[in-house]
Amino acid sequence: MKFIANTKDLEKYIGKKIKKNFSIIKGISTDSRSLKKGYIFIAIKGKNFNGNDYVDEALKKGAVIAIVDDKRFINSKNTKIIYVKNSILVLGKITKNIIKEYNGKVIAITGSNGKTSTTNIISKTIKGSSSTIKNYNNEIGMPLSVINASPKSNPLVLEIGASKFNDINYLSKILSPNIGIITNIGNSHLETLKNTNGVLKVKSEIINNIKSNGYLIVPSENKQHVDYWKNIRSDIKVFTFGMCKAADFFPSKINFSEKRISFYINSKHLKANIYINTFLVGEHNIKNILASCIAHYCLGLNLEKFAMIINSKSLKNIRLIKTKWIRGSTLIDDSYNANPDSAKKSIDLLSCYKKRKFFILGDMLELGRYRKKLHKNIGEYANAKGIDFLIGYGKLTKHAIESFGKNGIFFKKEEELKTYLKENVTSKDVILIKGSRGMKMERFINV
């Protein structure tokens with residue numbers, strides 16, 4: 001069962017009369033290629049495509065309703081076609097109306113890094129929750145994650161992303177969350193946000209949309225940021241997490257290995273410390289676990305049960321995917337996306353391995369005027385952390401290769417890099433692949 005099960009549900013949430021009646025609606029999609037029979041098709045106009053061009057295809061595939069915003073359909077007599085002024089805004093309107101009627105709790109998660117991992121940790125440790133589909137965190141994807149969830153699920157755990165000002169405000173206003181989480185403030189989308197101060201402002205847009213008497217969970221590292229967050233609202237409770245004792249929730253007795261992390265979660269709010277011994281690896285996952293633990297605490301859930309699930313193998317691969325690769329080498333696939341902060345976290349993880357370490361880096365995009373400097377910093381950081389080989393692909397990574405020094409290798413051509421990997425990687429090596437989504441670094445996995 002979903003929020004929109006029939007035409008009457010759609011009428012209620014969209015606020016528009018629908019001539020054609022369907023007793024069963026199986027789901028909603030914006031992609032005519034993957035659309036299934038019995039689905040609603042919402043035509044979205046993008047920079048490089050127009051979903052309105054695929055309405056006929058969607059209807060032939062069995063779409064029961066097509067919501068369109070192209071004026072060519074304004075006088076359409078097809079009762080399956082619903083014309084609106086803006087399909088994206090209607091998608092938001094439907095979602096907002098669903099949330100108004102939803103009886104469960106809503107958790108919204110934003111930040112420069114760690115959104116997806118934290119979303120997954122929380123949802124996988126709460127039975128009966130629904131969460132973000134894949135990485136659907138924008139004005140199209142987030143509503144789809146809500147609409148395709150079950151009304152019986154509780155809580156809804158949703159990742160919300162931003163590439164420009166007002167993005168987080170728009171998405172969090174739709175969700176009106178009980179709990180808002182800011183995972184961190186880092187160097188992301190600097191092309192539009194200019195600097196970390198811009199990142200701080202856009203991520204903080206979530207705060208004004210948290211329900212009264214709700215909760216805000218934030219990192220403790222930057223005291224100025226914490227003071228800024230606490231001064232925005234007086235009617236919500238703020239909890240901090242971090243690696244130092246100044247945080248409300250912090251770790252102690254940390255043990256790292258290439259396969260596990262163990263530590264204790266400490267807090268003045270807890271009667272006893274919570275022991276974590278997890279297959280999730282890297283310091284960044286300690287912070288993700290801390291933020292997730294606070295979410296459980298705010299919901300009044302059993303934290304011993306939280307630890308038990310965290311420590312199980314079911315959470316082994318939340319984001320990074322480890323597989324056997326060329327000649328029995330170990331591949332860590334982190335190719336989905338990258339910015340300078342997440343690249344450093346990946347380097348930290350790679351540095352834990354005792355094998356020969358290769359870091360394959362694709363360009364980190366949307367960094368504006370800081371792009372050369374930030375790539376150079378990654379090269380210096382990789383060298384300082386003992387990475388054996390830094391492999392660069394893309395125009396900007398040459399700056400990282402130059403600052404890395406010896407054993408930094410830059411490739412202009414895809415095939416040349418693939419050939420290098422085939423000829424040089426051995427069973428004694430561990431390789432991590434990272435790059436911005438636009439670089440499509442997954443192309444180097446199947447060599």
Side-chain angles (χ1 to χ4, degrees), residues 1-6 9-10 12-13 25-28 91-111 114-137 141-161 168 171-183 206-207 209-217 235-237 239 241 249 269 274 288-310 312 314-315 318:
M1 182 181 177
K2 298 184 185 298
F3 285 103
I4 299 177
N6 52 54
D9 289 338
L10 180 60
K12 178 174 62 175
Y13 295 132
I25 292 176
K26 295 181 179 178
I28 289 184
L91 197 55
K93 179 181 180 179
I94 292 169
T95 308
K96 190 169 186 176
N97 286 333
I98 284 172
I99 293 295
K100 282 180 181 177
E101 289 194 354
Y102 175 63
N103 293 319
K105 302 292 185 183
V106 178
I107 302 173
I109 302 163
T110 189
K115 295 186 295 296
T116 302
S117 294
T118 304
T119 299
N120 286 332
I121 291 171
I122 294 172
S123 64
K124 287 178 184 295
T125 51
I126 302 179
K127 188 177 180 180
S129 65
S130 284
S131 67
T132 299
I133 300 170
K134 298 179 182 177
N135 59 300
Y136 289 5
N137 66 11
M142 187 279 287
L144 288 176
S145 292
V146 173
I147 294 167
N148 284 307
S150 166
K152 293 181 179 179
S153 57
N154 186 23
L156 294 177
V157 189
L158 297 155
E159 174 184 339
I160 54 176
I168 298 299
L171 295 171
S172 59
K173 190 175 285 187
I174 290 171
L175 292 176
S176 189
N178 303 90
I179 300 173
I181 301 175
I182 300 174
T183 55
I206 192 174
I207 298 172
N209 295 312
I210 296 171
K211 278 189 170 72
S212 185
N213 299 314
Y215 302 92
L216 173 66
I217 301 169
D235 62 331
I236 59 174
K237 177 71 175 175
F239 288 106
F241 65 91
F249 286 70
H269 301 285
I274 301 166
N288 295 337
I289 291 168
L290 289 171
S292 302
C293 179
I294 301 173
H296 275 250
Y297 175 80
C298 293
L299 292 171
L301 299 176
N302 187 318
L303 297 185
E304 289 182 2
K305 188 176 180 181
F306 166 77
M308 183 180 72
I309 300 171
I310 285 288
S312 69
S314 63
L315 266 77
I318 276 190

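Because the structure is predicted, anything quoted here is derived from the model rather than measured.
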- In terms of heavy-atom contacts, Lys115 and Gly161 come closest through CE-CA, 4.3 Å
- Nearest heavy-atom neighbours spanning Ser150 and Ser130: N-OG, 3.9 Å
- Here the pair of heavy atoms bringing Ala291 nearest to Thr118 is CB-CG2, 4.4 Å
- Thr110 and Glu159: side-chain donor and acceptor closer than 3.5 Å? no
- Take atom CG of Asn103 as the centre, draw a 6.0 Å sphere, and report whether it contains more than 12 heavy atoms from other residues, nucleotides or ligands. no
- Message: Taking NZ in Lys12 as the centre, count heavy atoms belonging to other residues, nucleotides or ligands within less than 6.0 Å. Is the count above 12?
- Response: yes
- Message: Could you check whether any side-chain heavy atom of Val106 comes within less than 4.5 Å of a side-chain heavy atom of Ile179, counting everything from C-beta outward?
- Response: no
- Looking at side-chain heavy atoms only, is the closest gap between Ile126 and Pro155 below 4.5 Å? yes
- Message: Less than 4.5 Å apart, side chain to side chain, heavy atoms only: is that true for Ile310 and Ile121?
- Response: yes
- Task: Answer yes or no: is there a side-chain heavy-atom contact under 4.5 Å between Leu156 and Ile107?
- Result: no
- Establish, for the pair Lys237 and Phe239, whether the NZ or CZ atom is under 6.0 angstrom from the six-membered ring centre and no further than 45 degrees off its axis. yes
- Query: Hey, what's the ring geometry for His269 with Phe249, parallel, tilted or perpendicular (30° and 60° as the breaks)?
  - Reply: parallel
- Message: Could you work out, with side chain to side chain contact (heavy atoms under 4.5 Å, CB included) as the rule, every residue matching Lys26, not counting sequence neighbours?
- Response: Ile24, Tyr39
- Qualifying residues under side chain to side chain contact (heavy atoms under 4.5 Å, CB included), relative to Asn213, sequence neighbours excluded: none
- Task: Establish, from distance only, whether the side-chain atoms of Ser212 and Asp235 form a donor-acceptor pair under 3.5 Å.
- Result: yes
- Item | Partner set under ring pair (Phe, Tyr, Trp, His ring centres under 6.0 Å) for Phe306, not counting sequence neighbours | His296
- Counting N and O atoms only, with roles assigned by atom type, does the side chain of Ser129 sit under 3.5 Å from a partner on the main chain of Ser123, one being a donor and the other an acceptor? yes
- Side-chain heavy-atom pair Ile160, Ile206 within 4.5 angstrom cut-off: yes
- Set of residues satisfying side chain to side chain contact (heavy atoms under 4.5 Å, CB included) with respect to Leu91, sequence neighbours excluded: Ile42, Ile140, Pro143, Leu144, Ile147
- Message: Ignoring hydrogens, what is the shortest heavy-atom contact between Ala295 and Ile217? Give both atom names and the distance.
- Response: N-CD1, 3.6 Å
- From Asn288 CG over to Cys293 SG, what is the distance, rounded to the nearest 0.5 angstrom? 13.0 Å
- Task: Write down the atom of Asn154, the atom of Gly104, and the distance for their closest heavy-atom approach.
- Result: OD1-CA, 3.3 Å
- Task: Output, in order, the C-alpha distance, side-chain angles, deciding distance and verdict of side chain to side chain contact (heavy atoms under 4.5 Å, CB included) for Thr119 and Leu158.
- Result: CA-CA 7 Å; Thr119 299; Leu158 297 155; over 6 Å; no
- Message: For Tyr215, give me all partners under side-chain hydrogen bond (donor to acceptor under 3.5 Å, both in side chains), at least two apart in sequence or on another chain.
- Response: none
- Just wondering, more than 12 heavy atoms not from Lys173 lying within 6.0 Å of its NZ? no
- Query: Do Ile174 and Lys96 have side chains that get closer than 4.5 Å, going by heavy atoms?
  - Reply: yes
- Query: Any donor and acceptor pair, going by atom type alone, linking the side chain of Thr125 with main-chain N or O of Ile122 inside 3.5 Å?
  - Reply: yes
- Apply side-chain hydrogen bond (donor to acceptor under 3.5 Å, both in side chains) to Ser172 and list each qualifying residue two or more places apart in sequence or on a separate chain. Asn209
- Note on the structure: Between the OH atom in Tyr297 and the CD1 atom in Ile294, the distance rounded to the nearest 0.5 Å is 10.0 Å
- Query: Counting N and O atoms only, with roles assigned by atom type, does the side chain of Lys105 sit under 3.5 Å from a partner on the main chain of Asn178, one being a donor and the other an acceptor?
  - Reply: no
- Query: Centroid-to-centroid, Phe3 to Tyr13, below 6.0 Å?
  - Reply: no
- Of all the heavy-atom pairs spanning Ala108 and Leu175, show the shortest one and how long it is. CB-CD1, 4.1 Å
